[in-house]
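Scroll down for the structure; my scribbles are underneath it.
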Amino acid sequence: QVQLVESGGHLVQAGESLRLSCAASGSIFSINVMGWYRQAPGKQRELVATITSGGITNYVDSVKGRFTISRDNAKNTMYLQMNSLKDEDTAVYYCKYTDRFFTVWGQGTLVTVSS
């Protein structure tokens with residue numbers, strides 16, 4: 001199995017930056033996709049960005065140009081650099097790992113953007 005631990009969530013002011021981390025451990029398959037999702041209060045969980053083990057990225061339109069997803073395969077860690085944060089970015093951010101055998105979610109980390 002794979003375990004995921006997110007960190008980095010914090011209370012920030014609008015316009016500031018924050019970096020989230022997701023550390024994976026366990027039986028990590030070399031070919032996988034990791035991603036960040038978020039769930040705001042009263043809303044459904046939505047995709048933020050994904051990155052394959054080969055480095056191909058995908059973003060939801062609302063974060064393009066502000067957020068950058070990356071990963072360090074040697075450390076089995078994925079990051080989300082979030083710049084120019086807005087009120088509407090307030091949510092619990094979850095990381096997700098998918099390979100041919102498993103789909104695993106992290107426990108979430110809270111990001112609160114205050115204006």
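For the single chain, residues carry numbers from 1 onward in sequence order.
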TODO: Say whether, by atom type as modelled, one donor and one acceptor occur between the side chain of E6 and the main chain of C95 under 3.5 angstrom.
DONE: yes
- [ ] Say whether V48 and V12 are linked into one hydrophobic cluster, either directly or through other cluster members, by side-chain heavy-atom distances under 4.5 angstrom.
- [x] yes
Open item on the list: Nearest 0.5 angstrom please: T90 OG1 to L110 CG, how far?
Closed with: 8.0 Å
Task: Y94 with M82, same ILVMFWY side-chain cluster at under 4.5 Å - done: no
TODO: Quick one: do N58 and L47 satisfy side-chain contact (heavy atoms from CB on, under 4.5 Å)? Show the steps, please.
DONE: CA-CA 10 Å; N58 179 58; L47 168 70; 3.9 Å; yes
Open item on the list: Count I, L, V, M, F, W, Y as connected when their side-chain heavy atoms are under 4.5 Å apart, and connections chain through other members. Are V92 and M34 then in the same cluster?
Closed with: no
- [ ] Over all heavy atoms of both residues, which pair between D89 and V113 is shortest? Give the atoms and the distance, please.
- [x] CB-CG2, 4.2 Å
Open item on the list: What's the separation between atom CG in L85 and atom NE2 in H10, rounded to the nearest 0.5 Å?
Closed with: 12.0 Å
Open item on the list: Quick check: closest heavy atoms across A24 and L4, and the distance to 0.1 Å?
Closed with: CB-CD2, 3.6 Å
Open item on the list: For I69 versus I51, what's the shortest heavy-atom pair and its separation?
Closed with: CD1-CG2, 3.6 Å
Task: Atom pair CE/OG of M78 and S53 - distance to nearest 0.5 Å - done: 12.5 Å
Task: I31 reachable from F102 in the ILVMFWY side-chain graph, under 4.5 Å edges - done: yes
TODO: Taking all heavy atoms of N83 and all of S17, pick out the closest pair and write down the distance.
DONE: OD1-OG, 2.9 Å
- [ ] Tell me, please, which residues at least two apart from F67 pass ring pair (Phe, Tyr, Trp, His ring centres under 6.0 Å).
- [x] none
TODO: Tell me, with the steps shown, if K64 and D61 meet salt bridge (Lys or Arg N to Asp or Glu O under 4.0 Å).
DONE: CA-CA 5 Å; K64 285 180 179 178; D61 286 346; 3.0 Å; yes
- [ ] State the CG-CG distance between N73 and N32, to the nearest 0.5 angstrom.
- [x] 7.0 Å
TODO: Compare all side-chain heavy atoms of L20 with those of R38 and state whether any distance is below 4.5 angstrom.
DONE: no
Task: Between NZ on residue K86 and OG on residue S62, distance to nearest 0.5 Å - done: 8.0 Å
Task: Pair V104-Q1, side-chain contact (heavy atoms from CB on, under 4.5 Å): steps then yes or no - done: CA-CA 9 Å; V104 181; Q1 260 286 13; 3.6 Å; yes
Task: Pairing residues for E16 by the salt bridge (charged side-chain N to carboxylate O under 4.0 Å, His left out) criterion, not counting sequence neighbours - done: none
Task: Six-ring centre of Y37, R45 cation under 6.0 angstrom, axis tolerance 45° - done: no
TODO: Mind listing the closest non-hydrogen atom pair of D99 and Y97 along with its distance?
DONE: OD2-OH, 2.5 Å
Open item on the list: So, taking the atom named CD in Q13 and the one named CG in D87, what distance separates them when rounded to the nearest 0.5 Å?
Closed with: 9.5 Å
Open item on the list: I need the minimum non-hydrogen distance between S21 and W36, along with the two atoms involved.
Closed with: O-CH2, 3.5 Å
TODO: Would you kindly confirm whether W105 and Y93 end up in one hydrophobic cluster when ILVMFWY residues are joined by side chain heavy atoms under 4.5 Å apart?
DONE: no
